[in-house]
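Scroll down for the structure; my scribbles are underneath it.
We count ligands from 1, going down the list as the structure has it; atoms in each ligand are counted the same way.
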Amino acid sequence: EFSLLSSFYYVFLLLLLCVFFRSVCCNHWSSEERLDGKTVIITGANTGIGKETARDLARRGARIVMACRDLERAEEAQADILEDTGNENVVIRKLDLSDTQSIRAFAELINKEEKQVNILINNAGVMMCPYSKTADGFEMQLGVNHLGHFLLTYLLLDLIKHSSPARIVVVASVAHTWTGMRLNDINSDRNYDPIKAYGQSKLANVLFARSLARLLQGTGVSVFSLHPGVVQSDLWRHQHQCIQMAVKIFRIFTKTTVEGAQTTIYCAVEPGLESQTGGYFSDCAQASCSRTASNDDLAQKVWELSCSMLNITWQ
Ligand SMILES: *[C@@H]1O[C@H](CO)[C@@H](O)[C@H](O)[C@H]1NC(C)=O
């Protein structure tokens, strides 16, 4: 059952948080770092912070693979980025994270076509949507935000390791602090709360980044998760009109998509972050995640559950 009141409660809390952070620590980071000769894959690069991340990294000279479900919107974004940056090395490849067949087809193509992948940005996400399932029967938010990216990373990992030094950036959210993992009802079959399911998928993102960083110790591949801020974007499309209105009214306290992309860009390009692999970032700086998100036992359980849901084994 969708509860307007509890949505309001969380959105209100979130907006309060941004008012607070905006006033005390809006971190204005910028960097001239270049990415010439590097290849970047960004999921959900056709809109919102994904598009702004693509634009910024294209300006730095990287080859950009925009991994998108909606090819028409991706083409518009690509044209916009080309016009803005002059970088002609921006390509679109079809990826639907709600379908493991599409993820496997995408990874196969990338492994065949690309000589290297230096930066993978797991950015795409769905937020607080009505109850629905992916092609493989996973609850949509867990399926797209976590499991889809988990499988994608798994399938591209050899190529990423061969491209080392490399980075994997996982766009999570402060929403990971809202809830725990429901390991015995991971797909919310018994009871669906769109807010908790969103929080759970974002918690899985942070746990995944920690576990993966540990697994990749010594390979030259670093992994970071982050909170982009509360951003004006399409992510709000599933929310009640009143909530969309509230976000608009609080516009001055929320981030633009360009601002929202900065922490992702920071994690992708800032030199010297390797020692902080596995860390969680916010406002272009390392931040603390919730205690649940730093629980290694839980991380291990979620890792194993994810592998068994996807029928994969990591070496
Ligand atoms: C995993 O394997 C089971 C049993 O063979 C199958 O039913 C299921 O569709 C598979 N799931 C995925 C995501 O491959």
Passing candidate, side-chain contact (heavy atoms from CB on, under 4.5 Å) with Phe208, options Thr153, Val302, Val223 | Thr153
Could you tell me the residue and atom name of the protein heavy atom closest to atom 5 (O) of ligand 1, and the distance to it rounded to 0.1 Å?
-> Asn311 ND2, 4.8 Å
Subset of ligand 1 atoms that lie under 4.0 Å from at least one heavy atom of Asp136 | 13 (C)
Mind checking whether Asn205 and Ser225 have side chains closer than 4.5 Å, heavy atoms only?
-> no
Atom 1 (C) of ligand 1 protein-contacted (non-hydrogen atom, under 4.0 angstrom) = yes
Determine if the distance from atom 7 (O) of ligand 1 to the closest protein heavy atom is below 4.0 Å.
-> no
Any side-chain donor-acceptor pair under 3.5 Å between Tyr131 and Gln141?
-> no
Side chains of Asp96 and Ser102: do they bring a donor and an acceptor to under 3.5 Å?
-> no
